[in-house]
Amino acid sequence: MSSRESNRRKYVGQEVRRKESADALVGGAEYLSDIRLPRMAYAGLVRSPYAHARIKNVDLSGARNSPGVIAVYSGDDLKRATKPLAPFPFTAQQPYSSKYPKLRFADHYCLATDKVRHVGEAVAVVVAEDRYRCADAVQEVRADYEPLPVMVDAEKAMTHPQKIYEDWDNNIQYEYRFSEGPVAELLRKSHAVVKETFNLHRYTGTPMEGRGVIADFNRPKNLLTVWDSTQIPHALPNLILESLGREDVKIRVVCPRIGGGFGIKWGFHSEEVLIPWLSLTLERPIAWWETRSEHMVASHHSREQKITVEAGFSASGEITAIKGRVIVDLGVAYPCGGTSLAFVTANFIPGPYRVSNYEAEAYGVVTNKSASGVLRANGKVESNYVMERIMDLAARRLNLDRAEIRRRNFVPPDAFPYTCVTGSIYDSGRYGECLTKAVELAGVSSLREDIAKAAREGRYRGIGIGFMLEPLSSLRPNAYNSGYETAQIRVDQVGKAWIVSGDVNMGQAHQTTLSQIVADELGIDINDIEVFEGDTALLSSNSGSYACRFSTVTTSAAIMAARTIREKMLKIAGHLLQVDADRLDIMGGIISAPDGKTSITVKEVANIAYYSVNRLPKGMEPGLFGHRFFFNPNTSFTADEKGRSANFSTYPYAAHVAYVEVDPGTGQIKILKYVTVDDCGNQVNPMVVRTQLTGGIACGIGGAIYEELVYDEDGQLANSNFSSYLIPSMLEMPNLELHHMITPMPFTPGGFKGAGEIGAIGPSLTLASAVEDALTPLGIKVIDLPLKPEKVWRLIHEATKGGKAGAT
Amino acid sequence: MIPSEFEYVRPNSLDEVLALMHERPDDCRVMAGGQSLLPMLKLRIIQPTLIVDLSKILGVSSIAVTPNGIEVGAMATERAIELSGDVRQKCPMLAETASVIADPHIRNLGTIGGSLCFADPRGDLPACILALDATLTAASTTGTRTIPATEFFVGPFTTALREDELLVGISVPAKSSRTGAYLKLSKRAGDFAVVAVAADIEWDRDRVCRAARVALCAAGPVPIVVRGMTELLGGSRLDDKKIEEAARHASDSTEPFEDPLVSADYRSAMIHTMVTRALRLTRERAGVNP
Amino acid sequence: MKSVHIETTINGKPYTFDVPARLLLVDLIRDKAGLTGTHVACDTGNCGACTTIFNGVSVKSCQVLAARADGATIGTVEGLRTANGLDPIQEAFWDCDAAECGFCTSGMLMTAVAFLADNPDPSEDEIRSAFKGNLCRCTGYLNIIKAVQRAAALRRASPARSGA
Amino acid sequence: MRRVEGDFTVQASPQQVLDFCGDLRNVFPTIPGLAEIKDEKPESGVLLINAGVSFIRGRFTVRIERTERTENGLRFRGHGDGAGNAVDFESSLDVAPSGGAASNVHWVSDVRVHGPLASMAAGLLNPVINQNVDLFVGKLKEGLEGESQPTAATPEAGEVLSQHRSFIERLRAAISRLFRGDSAQLNS
């Protein structure tokens with residue numbers, strides 16, 4: 001950057017305090033359940049206790065005459081009045097022109113009509129004057145069911161005669177195939193083949209604020225306003241109208257302050273049609289937000305996959321070929337985006353490694369469980385886990401150092417942009433350097449002495465090494481997540497900037513970071529900027545916030561929009577100061593010529609741009625306004641003839657090293673040291689990056705050890721509240737040593753790659769590696785998740801039937 | 001998340017409470033700290049018709065040292081017990097147990113009486129007072145009676161109290177020289193126990209075990225006193241072989257229930273592990289090295 | 001009787017209510033007193049988003065019947081800010097980036113207020129045990145620990161200005 | 001699904017056991033937590049039950065029917081729902097003579113609990129179900145052996161009988177029906 005350019009860089013790269021915290025710290029932030037509207041009534045849902053049953057009848061009479069009740073409806077009422085839920089995330093039932101992926105959707109109304117397919121599916125809704133009496137009335141609804149056989153195993157459901165959807169020929173909702181190169185032959189001829197089947201357990205994101213919807217229909221204006229704690233505000237107007245079967249109503253979707261999303265609010269849920277319908281029908285504002293017990297069954301889950309990987313290695317440890325088989329337990333086929341899980345996992349098993357021969361088959365199978373959807377780094381946690389486990393097991397088989405076998409297979413730094421075997425174009429990276437740095441910073445060699453000493457005292461300590469590559473900022477054909485983003489900036493009459501973006505802020509500091517970026521581009525003070533997201537009255541865009549696309553497309557759209565305004569301001573100032581525009585600079589709200597004497601403030605230029613327009617250059621329009629779109633670079637909507645597709649735009653990566661002690665008596669894991677080296681490209685705000693990485697790692701540790709959604713064979717969920725679904729508390733979170741590398745994203749003006757998700761990938765693969773290393777004396781393989789104490793204890797117990805290590 | 005409707009009364013004196021419990025034994029539900037009761041109300045597992053709030057009955061929340069031990073009022077909060085100098089000095093295991101219950105916010109309101117009458121088999125205090133060989137005092141309109149802790153827990157969530165009886169006090173007998181330990185294995189620090197062990201050992205002058213009591217929580221439908229510990233450990237200095245024997249005996253004499261989140265065989269193995277560790281800690285605290 | 005009369009003080013201000021006996025304290029604060037800074041994130045007393053000060057100690061306000069507020073003094077997050085600006089604890093949370101989505105933040109702040117009142121110079125382990133009952137899904141907690149340590153230092157430096 | 005089973009010997013002949021248990025009107029009074037019998041026929045009935053343990057009780061509307069009667073056994077099926085939960089159970093009773101006038105009864109009950117209750121008390125449901133089943137079997141045995149004096153005096157483990165005063169009268173009526181010899185009614 002030229003010298004003038006460098007002194008312009010004032011905010012980006014600085015640890016600016018989060019603007020969003022100003023109101024949260026004083027209890028002033030307004031979340032959905034804080035909204036109060038006059039005449040607002042409350043909706044309560046009656047949910048099925050059965051996992052799979054025909055609905056014989058729903059008796060609403062008890063609820064109808066319960067005190068304070070306004071109206072009661074059942075599935076049949078809604079079936080008559082509305083259409084099936086629109087097939088989010090796609091705008092059409094058959095979005096793909098290529099043979100694979102093969103995908104179908106089911107007709108779900110916003111209340112169950114013929115039968116219930118998972119515990120907690122809503123069969124009726126009660127509307128009452130207040131929440132307390134609504135809860136009483138919900139209890140008065142009598143529904144009779146005729147139980148049907150329950151399926152809770154995805155692999156068995158693939159071939160089971162019992163259909164969850166009678167009009168389907170089997171229980172497979174999604175199928176994907178990929179094949180490149182003579183894989184079978186190469187596997188046969190490989191020096192060594194490592195084959196394992198990994199059972200990855202179901203868990204979920206549980207944002208502290210659950211989902212909720214408020215709808216208010218204003219008949220005179222024919223305007224339906226929907227407040228929704230959602231990550232897809234801009235998809236909802238179309239989804240709601242299509243599902244209501246109406247064209248006439250104007251819809252405005254507003255995201256109030258959101259209390260966390262993590263992907264659980266990226267999806268189209270039945271309440272997002274039901275509550276608007278109730279308001280349209282009753283012409284009153286209607287509010288609903290889920291209780292935690294409701295959230296555990298009515299919001300989607302994720303991660304449950306059974307993945308078989310067979311990888312061939314040469315004698316020196318190079319990968320020859322890989323064969324993968326992925327089965328995703330999709331639960332009920334609600335339109336919440338679960339179909340992409342199988343695709344992402346199958347596409348990225350090769351991960352950061354040079355692989356040219358790869359074959360994969362992947363299935364999304366429906367079962368009698370809550371729907372599966374996206375969750376922080378979905379598909380990437382699973383694919384990175386299985387491949388890193390295979391690399392560790394190959395290192396052991398070939399007697400190679402675990403870091404060394406990875407370095408021998410990494411995509412080298414000079415190969416970027418690198419088109420991987422499944423078609424994705426990795427933007428930039430220095431993988432080997434990152435892993436080496438992590439191993440050094442963790443002091444692995446000195447830890448070895450510690451481990452030896454501990455072993456002499458009969459204690460099990462080990463080091464885990466893990467590398468992860470995270471595809472981010474994605475798109476799909478004929479879909480709401482079509483990969484571009486929009487930013488609209490207006491500098492007003494007094495020189496304040498008003499930014500509107502199509503993204504959604506749910507704790508990732510969008511207001512702060514966008515303010516930093518635009519303040520630098522416009523040369524104004526960060527406190528003269530206000531940022532709006534999640535209001536479809538202010539802007540129209542595609543879907544919302546997912547896969548850290550903010551860092552790639554939203555920041556870029558904002559930079560481009562800001563530059564159009566900067567250019568115009570400089571032109572106006574040049575005209576007024578009689579100085580050539582491109583010799584002017586803006587700093588701290590002052591536009592000045594190189595001599596430093598002649599200058600004009602942004603406020604004066606703005607005044608002229610709107611009021612004294614007579615002083616504008618000839619033919620120039622009034623106002624200071626920029627509205628730009630930015631498309632995901634290095635991606636394509638369609639697969640090539642070999643079925644290769646590039647759906648992701650940028651690829652941050654990280655290396656994690658964990659030093660743990662395993663208590664053989666209880667199976668508990670104590671994390672003594674956790675070191676990470678992250679490369680998420682340029683960083684707008686290093687403090688926010690560190691917090692996002694730390695939060696991601698906490699999510700990863702929860703998923704690796706504590707969180708688990710267990711269904712019994714009747715399809716009953718064993719942990720449906722926070723006393724049995726265990727989110728890590730402050731006591732379970734180890735201190736972290738976070739280090740960084742910066743390899744900019746080459747195809748965007750900002751060069752940012754995103755740090756919001758990658759933390760969630762590290763812990764399961766790194767802790768599995770550490771536990772396996774700690775228990776080397778017992779020759780244990782760590783395959784399945786979670787690494788909960790009982791599972792680790794059982795590994796030790798079975799390996800030491802002789803009771804040697806089962807010491808207390 | 002929202003309780004069903006009920007009547008609410010907040011009497012000013014113990015006698016008023018006892019009179020109410022006598023008049024309406026079938027539908028009267030007393031609430032001390034409310035920390036176990038509120039989740040049950042919100043999830044509508046319990047739908048009582050009348051709640052009698054005991055928070056104004058202050059007379060029963062004292063902690064007093066007496067010549068033959070410690071008297072703890074039923075309304076004493078878990079936090080008060082945790083921080084009480086008297087308890088830490090006279091009966092450290094009781095303070096240690098209180099300190100591992102849930103979190104500080106819950107302990108600020110939760111009472112020892114409430115926790116014992118709730119009689120959750122996974123509760124910490126029930127197992128603790130069994131190991132301490134405590135006696136409980138119940139009051140009713142017809143007077144008071146004492147119930148040994150070993151006869152108090154009759155079934156899951158079921159105690160020996162009659163419908164019209166209120167627990168008013170817990171007395172822990174002093175022992176000339178005792179050490180104890182309450183060790184809790186739970187998935188997260190604040191959770192209910194996978195298994196917890198309360199161990200209380202009396203030592204004679206030259207540090208030989210004179211009496212041993214070990215109680216377990218979450219090992220069955222009620223908190224369990226493991227039979228025969230004094231016979232097994234008495235006369236020994238709790239050497240590792242004896243401890244191993246005691247741990248195996250404790251594990252063999254219990255049959256934990258199967259639970260989708262914790263399997264029975266794991267819980268049995270953890271009884272073995274935790275009894276061993278609790279007895280070793282108790283030995284260490286007595287300054288005995290075998 | 002199925003409804004109760006309540007006279008209470010919230011953040012130093014007197015309030016009078018006549019509410020159903022079954023009303024929870026958190027709903028009294030949020031719906032009747034209109035102080036929506038206190039939040040609800042679970043239904044079993046585990047999450048701590050509803051933590052407030054009740055007669056001088058920290059409690060989970062979803063675990064208390066509103067009826068018990070009669071004659072009690074209550075402190076909520078809205079009471080922390082004083083005429084001369086934010087409480088040192090709020091400043092420390094801001095400086096250490098200890099809030100992201102903000103939904104658990106009021107519970108964290110009130111826990112810190114009660115905890116620092118009794119522990120002016122806490123160790124890291126003491127802080128971790130004090131916050132055992134407060135769950136957060138965004139920050140990963142480490143910044144909250146730093147914020148409490150920083151707040152403790154700020155308060156030791158100028159004890160006069162502590163809030164609630 | 002939870003399988004609960006056991007067996008007991010009772011001082012009554014297999015025929016008497018099948019007659020007694022075959023007529024649900026005899027069995028209903030022995031069900032713990034029984035609050036009201038809404039409809040009562042020999043082969044089926046609808047009951048209001050406060051199911052649970054000590055102060056934790058849910059009000060369930062329960063339909064029970066005798067689905068099969070073989071030469072030495074009985075099959076029952078039942079469904080109950082209340083407060084958003086549902087319980088389905090299938091039970092079987094097999095009787096064999098076991099010396100003198102006694103017979104051995106082997107029973108098996110598959111209990112499926114559905115809804116929030118199944119997950120709330122996951123681990124604790126087993127002991128609560130076991131305890132209630134033990135109580136039920138105990139009462140059934142008493143009903144069969146015609147012991148007339150009520151057992152309310154000594155507090156039963158886990159169940160303070162004084163809570164169900166109306167229950168004792170029903171038990172006496174059932175026993176008297178059995179021995180008054182109006183067995184014609186029993187075999188319908």
Side-chain angles (χ1 to χ4, degrees), chain A residues 15 17-18 20-31 33-36 130-132 205-210 257-262 291-294 505-509 687-688 690-699 701-702 721-724 727-731 733 735-736 759, chain C residues 20 22-23 27 30-31 34-49 76-81 86-87 89-91 93-107 109 124-125 127-145:
Chain A
E15 303 205 346
R17 277 200 325 184
R18 221 179 260 252
E20 294 87 337
S21 294
D23 50 8
L25 288 168
V26 293
E30 187 179 62
Y31 297 86
S33 54
D34 302 339
I35 294 173
R36 299 286 179 274
D130 69 74
R131 287 187 308 121
Y132 275 59
T206 59
M208 279 298 115
E209 181 204 28
R257 181 68 175 260
I258 297 176
F262 313 115
T291 67
R292 185 56 63 188
S293 309
E294 220 173 349
N505 183 30
M506 41 189 180
Q508 324 97 307
M687 179 172 74
V688 167
R690 283 198 307 276
T691 309
Q692 286 278 297
L693 287 172
T694 306
I697 289 168
C699 169
I701 287 175
N721 57 56
F722 269 4
S723 68
S724 46
I727 298 178
S729 77
M730 196 179 275
L731 275 165
M733 186 63 191
N735 287 321
L736 306 176
Chain C
R22 61 168 167 174
L23 189 72
D27 289 333
R30 286 176 50 79
D31 301 337
L35 300 167
T36 55
T38 301
H39 300 134
V40 176
C42 81
D43 37 30
T44 45
N46 290 96
C47 74
T76 74
V77 65
E78 287 88 348
L80 287 186
R81 184 170 44 179
L86 298 178
D87 184 283
I89 292 172
Q90 292 170 307
E91 289 288 351
F93 265 65
W94 207 349
D95 295 339
C96 299
D97 205 37
E100 292 207 277
C101 85
F103 201 73
C104 74
T105 303
S106 54
L109 290 168
E124 179 181 317
D125 285 345
I127 295 174
R128 284 173 177 269
S129 311
F131 282 79
K132 191 157 63 163
N134 293 70
L135 299 180
C136 166
R137 209 33 160 171
C138 297
T139 64
Y141 301 109
L142 300 184
N143 288 353
I144 294 173
I145 296 175

Which atoms of [X] are under 4.5 Å from chain C, going by heavy atoms: the side chain, the backbone, both sets, or neither?
X        : result
A:Glu15  : neither
A:Asp23  : neither
A:Ile701 : neither
A:Tyr31  : side chain
A:Met208 : both

Mind checking the [atom1]-[atom2] spacing from [X] to [Y]? Nearest 0.5 Å is all I need.
X        : Y        : atom1 : atom2 : answer
C:Thr36  : A:Arg36  : OG1   : CZ    : 7.0 Å
A:Glu209 : C:Phe103 : CD    : CZ    : 5.0 Å
A:Asp34  : C:His39  : CG    : NE2   : 4.5 Å
C:Asn46  : A:Ile727 : CG    : CD1   : 9.0 Å
C:Leu135 : A:Ser729 : CG    : OG    : 7.0 Å

Side chain from CB out, backbone as N, CA, C, O: work out which of these in [X] comes under 4.5 Å of a heavy atom of chain A, or both, or neither.
X        : answer
C:Ala49  : neither
C:Glu124 : side chain
C:Leu35  : neither
C:Arg81  : side chain
C:Asp43  : both
C:Ser106 : neither

Is there a donor-acceptor pair closer than 3.5 Å between any side-chain N or O of C:Tyr141 and the backbone N or O of A:Ala698? no
Donor-acceptor check, side chain of C:Arg30 to backbone of A:Ser33, threshold 3.5 angstrom: yes or no? yes
Is A:Arg690 paired with C:Asp97 through a side-chain N to carboxylate O contact shorter than 4.0 Å? no
Do the side chains of C:Leu142 and A:Leu736 get nearer than 4.5 Å, heavy atoms only? yes
State, with a plain yes or no, whether a side-chain heavy atom of A:Met730 is found less than 4.5 Å away from one of C:Ile127. yes
Please determine, by modelled atom types, if A:Thr206 and C:Arg137 share a side-chain donor-acceptor pair under 3.5 angstrom. yes
Top contributor to chain A contacts, counting heavy-atom pairs under 4.5 Å, from C:Ala98, C:Gly102, C:Gly45: C:Gly102
Look at C:Asp95, C:Thr105, C:Ile89, C:Leu109 and state which one has the largest set of heavy-atom pairs under 4.5 Å with chain A. C:Asp95
Looking at A:Arg17, I want to see if its CZ is surrounded by more than 12 non-hydrogen atoms of other residues, nucleotides or ligands under 6.0 Å. yes
